[in-house]
Protein chains: 2
Amino acid sequence: MADQQSKKTQAAPGALDGTDLAILAALVEDGRMTNAALAARVGVAESTCAYRVRALRESGVLTSISARLDPGALGRPIHAIIKVRLGSHSRDHVRSLYDRLVELPGALTVFHVGGADDFLLHVAVASPQALRDLILEHITTHPMVRQTETQLVFEVREGRGALPG
Amino acid sequence: MADQQSKKTQAAPGALDGTDLAILAALVEDGRMTNAALAARVGVAESTCAYRVRALRESGVLTSISARLDPGALGRPIHAIIKVRLGSHSRDHVRSLYDRLVELPGALTVFHVGGADDFLLHVAVASPQALRDLILEHITTHPMVRQTETQLVFEVREGRGALPG
DNA sequence: TTTGAAATAAATGCTAG
DNA sequence: CTAGCATTTATTTCAAA
């Protein structure tokens with residue numbers, strides 16, 4: 001009688017059980033699924049399901065639910081990865097450059113990395129000319145940037161993600 | 001009287017007007033915003049708003065609405081970019097490796113690129129050991145892979161995205 | 001934590017402009 | 001393409017277990 005939680009896979013506080021993982025998987029697939037549909041899919045009452053979703057949001061596991069857009073349909077059919085290497089690495093300057101890269105038009109993701117490069121910038125642009133302009137006007141001219149190297153992206157695919165299973 | 005569409009910024013068929021862009025921006029910010037809230041925010045009737053959203057979905061601009069999860073909260077606090085270089089580039093073999101990379105546990109995004117590398121793999125893993133195991137067991141041992149180079153990711157930031165403005 | 005049922009709120013379908 | 005209204009659905013709340 002003491003083990004009323006045999007469905008759960010973890011005992012640690014704040015741990016996610018199978019229901020939580022099922023909810024997350026469903027919302028990754030369709031973030032606008034109704035609470036009723038979600039509840040039916042994971043096998044709990046609607047009120048329980050709403051409670052779980054709120055808890056997942058508040059705990060930070062579920063950070064947001066947002067729209068995914070097709071950059072090509074928005075006039076940016078060309079993707080590139082721009083590797084950025086810095087000449088100096090003072091903390092404040094690195095942060096300031098980071099802030100600027102994130103705000104560039106067409107910037108999709110910016111990775112701050114260790115190793116051969118400092119930043120990897122994934123951008124979507126309207127044309128090769130726009131890519132050249134972006135690099136020449138906003139990146140290589142920046143005083144901290146020592147070198148850039150641009151790779152054309154043929155295709156981007158989402159992986160299976162961080163969920164276990 | 002003929003110009004009843006003066007609010008629109010483009011005339012081309014399938015082009016997006018300001019209302020469409022406002023809807024997209026709102027749904028990127030909060031993909032679960034109710035249709036009523038969305039309509040109020042962009043300044044159209046609810047029925048019109050629902051119609052627009054459906055049209056944006058059907059035209060492929062709005063590809064999906066989905067949950068974003070925190071890999072760290074799911075037990076994968078360490079991020080890396082793994083650059084993969086191939087020894088041979090036969091079409092079918094490249095595709096088959098691509099398929100496998102996407103399915104690796106913790107794979108977030110896989111970029112197929114031209115230039116110095118062939119693939120850039122963004123992964124989230126539980127530990128440095130898990131990263132080593134992933135690379136040694138699933139990547140470097142693959143017959144097509146000539147070389148890999150791994151960079152630790154300090155931080156990832158979303159850019160402003162593909163929306164104009 | 002979970003649940004069902006009532007009250008509130010929202011989405012959809014229909015009509016028409 | 002847009003809007004208003006009625007119908008159908010969904011979400012929230014809450015007492016209870």
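All chains are named by letter (A, B, ...) in the order of the sequence lines, taking the proteins before the strands, and each is independently numbered beginning at 1.
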Discussion item. Going by side-chain contact (heavy atoms from CB on, under 4.5 Å), name the residues that satisfy it together with A:Ala73, two or more places apart in sequence or in a different chain.
Written reply: A:Asp70, B:Val61
Fill in: Nearest listed nucleotide, side chain of B:Arg52, among D:dC1, D:dA3, C:dT2
D:dC1
Discussion item. Pair A:Asp118, A:Arg85 - check salt bridge (charged side-chain N to carboxylate O under 4.0 Å, His left out), show working.
Written reply: CA-CA 5 Å; A:Asp118 290 291; A:Arg85 292 172 203 179; over 6 Å; no
Worksheet entry | For atom CG of B:Asp17 and atom P of D:dC1, their distance in whole Å | 9 Å
Worksheet entry | Integer-rounded Å distance: D:dT2 C1' and B:Leu38 CG | 16 Å
Worksheet item: Does B:Thr48 have a side-chain nitrogen or oxygen under 4.0 Å from the phosphate oxygens OP1 or OP2 of D:dA3?
Response: yes
Discussion item. Can you list everything that forms a side-chain contact (heavy atoms from CB on, under 4.5 Å) with A:Ala45? Sequence neighbours excluded, please.
Written reply: A:Ser47, A:Thr48
Practice prompt. For a salt bridge (charged side-chain N to carboxylate O under 4.0 Å, His left out) with A:Asp20, tell me which candidate from A:Arg52, A:Arg57, A:Arg54 qualifies.
Written response: A:Arg52
Worksheet entry | Between the first and last five pairs of the helix from C:dT1-D:dA17 to C:dG17-D:dC1, the angle of the axes, rounded to 10 degrees | 30°
Practice prompt. With a 4.0 Å heavy-atom cut-off, tell me which residues in residues 55-65 of chain A come close to DNA chain C, sorted by residue number.
Written response: none
Worksheet item: Which whole-number value in Å describes the distance from A:Tyr51 OH to C:dG4 C1'?
Response: 18 Å
Discussion item. Starting from B:Phe154, can I reach A:Phe119 by hopping between I/L/V/M/F/W/Y residues whose side chains sit under 4.5 Å apart?
Written reply: no
Worksheet item: Do B:Asp30 and B:Arg41 meet the salt-bridge criterion of a basic N to acidic O distance under 4.0 Å?
Response: no
Worksheet item: Are A:Leu38 and B:Leu69 connected in a single hydrophobic cluster, I mean Ile/Leu/Val/Met/Phe/Trp/Tyr linked by side-chain heavy atoms less than 4.5 Å apart?
Response: yes
Worksheet entry | Non-neighbouring partners of B:His122 that pass ring-ring contact (aromatic ring centres under 6.0 Å, His included), sequence neighbours left out | A:Phe111, B:His79
Worksheet item: Among the clusters formed by ILVMFWY side chains lying less than 4.5 Å apart, do A:Ile135 and A:Val110 turn up in the same one?
Response: yes
Worksheet item: For nucleotides 8-17 of chain D, read 5' to 3', which letter fits each nucleotide if B means a protein heavy atom sits under 4.0 Å from the base, S means only the sugar-phosphate is that close, and - means neither?
Response: --SB-B----
Worksheet item: Would you say A:Val156 and A:Leu74 are hydrophobically clustered, going by side-chain heavy atoms of ILVMFWY under 4.5 Å?
Response: no
Worksheet item: For A:Arg32, does the CZ atom sit with more than 12 other heavy atoms under 6.0 Å from it, leaving out its own atoms?
Response: yes
